[in-house]
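The structure presented is a predicted model; accordingly, all values stated were derived computationally and were not measured.
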Amino acid sequence: QARLVESGGSSVQAGGSLRLSCVYSEFTYITFFVGWFRQAPGKEREGVAAIDTPSGPRNYSEAVKGRFTISRDNAKNTVYLQMNNLRPEDTAMYYCAADRSWATMLAGRPNAWGQGTQVTVSS
C-alpha cells in the first residue's frame, strides 16, 4: 500500500519558519500528484498546496500564497513544504497526500494520506 510519512512539525514563534518533509513509498503508479493539507481543532480540513512535477505547476491556497512553497524531489521520494512568516492561524495538523488525479487532489479527496505532523505558531 502507498505510504507517506511527514516530519518537521514543531512549535515556533509568529514570523518564524519551518520546513515540512514527507517521504512517500510503495505507490502503485510511478507518477502522481502530491500536496499538503491542514486541519486545525474545530475546523474543516483545507488544502494548502499541491504540485505536479518538480518543475511543473503548483497550487496554493490564498491563505498561504506568498509565504509557503511546495516542492518535490523525485530522486528522494520526498515532498517539502517551506513555510515562512508563520502566523498563529497556521497552527494545525499538516498532512501530505498523493493521488493520480489532479481534480481529486484539488477537491480535497486524495487517495493516500500521511498521519500528520503538528505545527504550532504562538503569537
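- Shown are Thr120, Leu18, Val121; of these, the side chain to side chain contact (heavy atoms under 4.5 Å, CB included) with Ser10 is made only by Leu18.
- Atoms CD and OG1, from Gln115 and Thr117 in turn, are 11.5 Å apart once rounded to the nearest 0.5 Å.
- Remark: Phe37 CZ to Ser61 OG distance equals 10.5 Å, nearest 0.5 Å.
- One distance of note links SG of Cys22 with CZ of Arg72; it measures 10.0 Å at 0.5 Å rounding.
- Minimum interatomic distance between Ala98 and Pro110 (heavy atoms only, all atoms of both residues): O-CB, 3.7 Å.
- Side-chain contact check for Trp36 versus Glu6: some heavy-atom pair is nearer than 4.5 Å.
- Summarising the geometry of Ala14 relative to Ser123, their closest heavy-atom pair is CB-CA, 4.3 Å, with the distance given to 0.1 Å.
- Listed by first and then second residue, the ring pair (Phe, Tyr, Trp, His ring centres under 6.0 Å) pairs that reach into residues 64-108 are Phe33-Trp102, sequence neighbours excluded.
- Of all the heavy atoms in Val79 and Ser71, the pair that sits closest is CG2-O, 3.2 Å.
- Within the structure, every pair that satisfies the salt bridge (charged side-chain N to carboxylate O under 4.0 Å, His left out) test and touches residues 42-60, not counting sequence neighbours, is listed here: Arg38-Glu46.
- Note that CD1 of Ile70 and CD1 of Ile51 are 5.5 Å apart. Values are rounded to the nearest 0.5 Å.
- A distance of 10.5 Å separates CG in Leu20 from CD in Gln118, rounded to the nearest 0.5 Å.
- Minimum interatomic distance between Ala50 and Met105 (heavy atoms only, all atoms of both residues): CB-CG, 4.0 Å.
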Using the rule given for side-chain contact (heavy atoms from CB on, under 4.5 Å), can you reason through Val119 versus Met83, listing the C-alpha separation, both sets of side-chain angles and the distance that settles it, and then say yes or no? CA-CA 10 Å; Val119 172; Met83 305 184 294; 3.8 Å; yes
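- Between Asn111 and Arg100 there is no side-chain heavy-atom pair separated by less than 4.5 Å.
- Summarising the geometry of Tyr24 relative to Asn74, their closest heavy-atom pair is OH-OD1, 3.5 Å, with the distance given to 0.1 Å.
- Val12 is not connected to Met93 by any chain of hydrophobic side-chain contacts under 4.5 Å among Ile, Leu, Val, Met, Phe, Trp and Tyr, and they are in different clusters.
- The salt bridge (Lys or Arg N to Asp or Glu O under 4.0 Å) test applied to Arg87 returns no partner, not counting sequence neighbours.
- Hydrophobic clustering, with ILVMFWY side chains joined whenever heavy atoms are under 4.5 angstrom apart, groups Leu4 together with Leu81.
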